[in-house]
Chemist: 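Here you go, one structure.
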2 protein chains.
Amino acid sequence: MPGPAKRGRYHHGDLAAALVDAAIEVIGERGVRDFSMAEASRRLGVAVSAPYAHFADRDDLLAAVAVRGYQQFYAAVVPQVEAGLAPADRLAAMARRYVRFAARNRPLFEVLYQAGLDKAGHPEIEAAEQPIDDAFMTCVNAISGGSGPTAEELAWALEATAHGYAMLLLDSGKQRSDEDVERTAEAAGRAARALIKSRRLLSDPADLQQPGAPRAG
Amino acid sequence: MPGPAKRGRYHHGDLAAALVDAAIEVIGERGVRDFSMAEASRRLGVAVSAPYAHFADRDDLLAAVAVRGYQQFYAAVVPQVEAGLAPADRLAAMARRYVRFAARNRPLFEVLYQAGLDKAGHPEIEAAEQPIDDAFMTCVNAISGGSGPTAEELAWALEATAHGYAMLLLDSGKQRSDEDVERTAEAAGRAARALIKSRRLLSDPADLQQPGAPRAG
DNA sequence: GTCTATACCCGGATAGAC
DNA sequence: GTCTATCCGGGTATAGAC
């Protein structure tokens, strides 16, 4: 098990990376909102001023955590060796992995979607996020031909659905069992299939709805 | 325009309610994370200790905000006079309103889903949330008969999807235009229709998937 | 129910030595 | 790159008077 020791005295190693680790640990225990530079420093046994040699401020460190988060997210969600699968199968698998990643990496997911980071102020974050969207788009492009929704519309629908399942799963605060996670992941996968199958309904038009049906709301 | 004055000196009115208003205002400007009792007090021109006559602590005030949030959410999302509409139409309308509410009441939505409130510790919150789930269930029950997914499964899928669209819309941090909001709301509504139409795919079984397709992921 | 005053703690961030 | 020391500001929460 390589990498610097996570605990106890720590001096003159790769502090920047160690801080990211420590941050994830702290966030896991207290949530992003209660994360602090000081606490992370303490856990590493370094002075509270040490982190400022590597990160401009608290948000800068959190941004680094977010970048790592998106990298792991990408690695966890995107199919690597599944070129053989049909696009719909790959997308369903991606939806399942999306939910599993959120559940199994709650601290990272929290940083990505609840830290309220100013992504505009930290372009690195958006850059790290991009590949995930791209992966969905690539997969969707292998499906959506001719009429029906644009690739963007379908990809967006699939991401939104996976995201929604993930968020609602995490929301209840309660620790969820592995069975809960798996059940939710499977549900997200099936929802992805359903959306793909009925994707024609995703494209704009009022004329696909019951003619004469009032557009209430 | 009834209700206590939101600004300036304020004495001996309904402080509890005024604090909730002030909290929403503060959250709108600085986000939940940076909300503080002290700031809310300042805006009302009362002593920083005054709130503690009405709320045990910060989280207790936020819980009150959450309760109001769910009440308004319910009122905004649930169909009132649309008994005439087909269930699928009502559910699509609910999905649209779900997204619109999130976009137009960002501060409240933030408290509901990003404040990290301990719902277990504040049963009032869950109680206020319940009617929304119930409304989805009621509507779904008018649809899902016989084979196919349980009402729970379908309701969950619809809520997750609406939720996902809403969260991703808000996520980018950037202010979204009314057109963005409306486009997203419509997309969520169409996704709801698509899920309803293909709801048979939402029920468990591996045997609805391509026979022989490996269940990767 | 609200005020004044205060005690307390903690986090952010900097200066300057090593 | 890290440490020691320190300043500063801010929020939470309580005590006791009115």
Chemist: Within this structure, what is the CZ-to-P distance between Arg33(B) and dG11(C), rounded to whole angstrom?
Modeler: 15 Å
Chemist: Flag the pair Ile24(A) / Arg68(A) as yes when at least one side-chain heavy-atom distance between them is below 4.5 Å, and no otherwise.
Modeler: yes
Chemist: Evaluate the side-chain proximity of Leu158(A) to Met94(A): yes if any heavy-atom separation is below 4.5 Å, no if none is.
Modeler: no
Chemist: Would you indicate what Ala50(B) reaches in the nucleic acid, counting non-hydrogen atoms under 4.0 angstrom: base, sugar-phosphate, or nothing?
Modeler: sugar-phosphate
Chemist: For DNA chain C, which residues of residues 118-125 of chain B approach it to below 4.0 angstrom with any heavy atom?
Modeler: none
Chemist: Does Arg42(A) come within less than 4.0 Å of Glu39(A), counting only side-chain N to carboxylate O?
Modeler: yes
Chemist: From the set dG12(C), dT4(D), dT2(D), return the single nucleotide nearest to any side-chain atom of Ala47(A).
Modeler: dT4(D)
Chemist: Heavy atoms only, 4.0 Å cut-off, all strands: where does Arg30(A) land among base, sugar-phosphate and nothing?
Modeler: sugar-phosphate
Chemist: Identify whether the distance between the nearest side-chain nitrogen and carboxylate oxygen of Glu182(A) and Arg100(A) falls below 4.0 Å.
Modeler: yes
Chemist: Mind calculating the distance between CG (Leu19(A)) and P (dG12(C)) to the nearest angstrom?
Modeler: 12 Å
Chemist: Heavy atom of residues 52-63 of chain B under 4.0 Å from DNA chain C: which residues?
Modeler: Ala53(B), His54(B)
Chemist: Could Asp180(B) and Arg176(B) be called an ion pair, given the rule that one side-chain N must be under 4.0 Å from one carboxylate O?
Modeler: yes
Chemist: Could you tell me whether the side chain of Arg199(B) and the main chain of Ile196(B) form a donor-acceptor pair under 3.5 Å?
Modeler: yes
Chemist: If we count only N and O atoms by modelled type, under 3.5 Å, do the side chains of Asn141(A) and Thr138(A) hold a donor and an acceptor together?
Modeler: no
Chemist: Would you mind reading off the distance between Met37(B) atom CE and dT2(C) atom P, rounded to a whole angstrom?
Modeler: 13 Å
Chemist: Determine whether a donor-acceptor pair (one donor, one acceptor, N or O, separation below 3.5 Å) exists between the side chain of Ser49(A) and the base of dT4(D).
Modeler: yes
Chemist: Is there a side-chain contact between Leu117(A) and His122(A), using heavy atoms and a 4.5 Å cut-off?
Modeler: no
Chemist: Could you tell me how the ring of Phe73(A) sits relative to the ring of Phe101(A): parallel (under 30°), tilted (30 to 60°) or perpendicular (over 60°)?
Modeler: parallel
Chemist: Round to the nearest Å and state the distance from Leu15(B) atom CG to dG1(C) atom P.
Modeler: 10 Å
Chemist: Just how far, in rounded Å, is C1' of dT12(D) from CZ of Arg42(B)?
Modeler: 12 Å
